[in-house]
Engineer: 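I am attaching a structure below and will ask some questions about it afterwards.
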Amino acid sequence: MSAGVGYSEADDTYKDTSVLVTELGSFPAAPVQNDFEIKNYNAYIYSNLRYPQRFLWTLGLSADSYDDNRHASFDSNQINPKIGLTWQLTPSTVLRLAGFRVLKPPLAVNQSIQQTQVAGFNQFFDDFNGTDSRRLGIGADHKITPDILGGVELSDRDLDVPTQVVRADRELEFYTEDRDERRHRAYLYWTA
């Protein structure tokens with residue numbers, strides 16, 4: 001079993017050099033200096049259970065609190081369940097299944113001692129800060145010879161991406177954009 005907690009805070013200043021789009025054309029807007037602060041709290045717990053003998057279950061839960069005052073006071077608090085199964089079908093073949101939810105932490109803290117994979121499927125991607133993603137995956141790995149490994153992996157990610165636009169009155173407007181991502185991968189590795 002592994003568990004942990006984390007906290008990060010980022011304070012910075014950036015210049016907004018937006019482009020104003022009107023019916024008459026696009027014009028550069030006057031630069032505006034903005035101060036911002038991002039706070040991120042998280043806690044997690046994972047357990048790997050072997051039952052029955054050829055099944056390795058990964059059960060986890062994380063909780064995140066994300067507050068970003070750049071995004072018109074965007075904040076998100078969520079619980080993220082995680083489940084994975086690694087099934088040793090034969091001594092040479094493994095079937096992997098996983099389903100989990102993740103809240104993308106701020107870029108400044110793209111590091112963690114939290115488990116980065118569930119049953120071999122990546123949890124963390126270089127998404128926009130505050131992105132809420134859910135991933136389902138299935139994969140199979142096979143040891144062809146002691147030096148040659150092959151496999152396939154299929155997964156689906158459903159993302160809610162925080163997005164902002166600058167209105168004509170220079171105020172930030174925040175909304176979430178729904179995106180879907182399908183990943184298909186096959187590999188063949190040879191150890192020389």
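Reckoned from all heavy atoms, side chains included, excluding hydrogens, waters and symmetry mates.
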Engineer: Heavy-atom distance under 4.5 Å between the side chains of Ser62 and Gln114, does that happen here?
Structural biologist: yes
Engineer: Report yes or no: does Thr163 contribute a side-chain atom to a donor-acceptor pair with the main-chain N or O of Val161 at less than 3.5 Å?
Structural biologist: yes
Engineer: About how many Å separate CG of Leu188 and CG of Leu149, when rounded to the nearest 0.5 Å?
Structural biologist: 8.5 Å
Engineer: Do the ring planes of Tyr41 and Tyr7 sit parallel (below 30°), tilted (30 to 60°) or perpendicular (above 60°)?
Structural biologist: tilted
Engineer: Are side-chain N/O atoms of Glu153 and Tyr187 paired as donor and acceptor at under 3.5 Å?
Structural biologist: no
Engineer: Say whether Ser155 and Arg183, considering side chains only, have a donor N or O and an acceptor N or O under 3.5 Å apart.
Structural biologist: no
Engineer: Closer than 3.5 angstrom, by distance alone: can the side chain of Arg101 be matched with the main-chain N or O of Arg134 as a donor-acceptor pair?
Structural biologist: no
Engineer: Among Val94, Asn48, Asp141, Thr58, find the one that has a side-chain contact (heavy atoms from CB on, under 4.5 Å) with Thr86.
Structural biologist: Val94
Engineer: Rounded to the nearest 0.5 Å, how far apart are CG of Leu95 and CZ of Phe55?
Structural biologist: 9.0 Å
Engineer: Could you check whether any side-chain heavy atom of Tyr189 comes within less than 4.5 Å of a side-chain heavy atom of Ile148, counting everything from C-beta outward?
Structural biologist: no
Engineer: Within the 4.5 Å heavy-atom criterion, are Leu159 and Asp127 side-chain neighbours or not?
Structural biologist: yes
Engineer: With the 4.5 Å side-chain cut-off for hydrophobic clustering, are Tyr46 and Ile113 part of the same group?
Structural biologist: yes
Engineer: Going by distance alone, is a donor N or O of one side chain under 3.5 Å from an acceptor N or O of the other, for His142 and Thr93?
Structural biologist: yes
Engineer: Looking only at side chains, do Asn77 and Ser65 share a donor and an acceptor under 3.5 Å apart?
Structural biologist: yes
Engineer: Do you see a donor-acceptor pair shorter than 3.5 Å between the side chains of Gln78 and Asp64?
Structural biologist: no
Engineer: Keeping the roles fixed (side chain from Asp158, backbone from Asp180), state whether a donor-acceptor pair exists under 3.5 Å.
Structural biologist: no
Engineer: Determine, step by step, whether Leu103 and Asn42 satisfy the side chain to side chain contact (heavy atoms under 4.5 Å, CB included) criterion, reporting the C-alpha distance in whole Å, the side-chain angles of both residues, the deciding distance to 0.1 Å, and the verdict.
Structural biologist: CA-CA 10 Å; Leu103 183 68; Asn42 73 330; over 6 Å; no
Engineer: Check the side chains of Lys82 and Gln115 for a donor-acceptor pair under 3.5 angstrom, ignoring hydrogens and angles.
Structural biologist: no
Engineer: Find out whether Asn122 and Arg135 are in side-chain contact, i.e. whether some heavy atom of one side chain is under 4.5 Å from a heavy atom of the other.
Structural biologist: yes
Engineer: Return yes if a side-chain donor-acceptor contact under 3.5 Å exists between Thr191 and Asp147, otherwise no.
Structural biologist: no
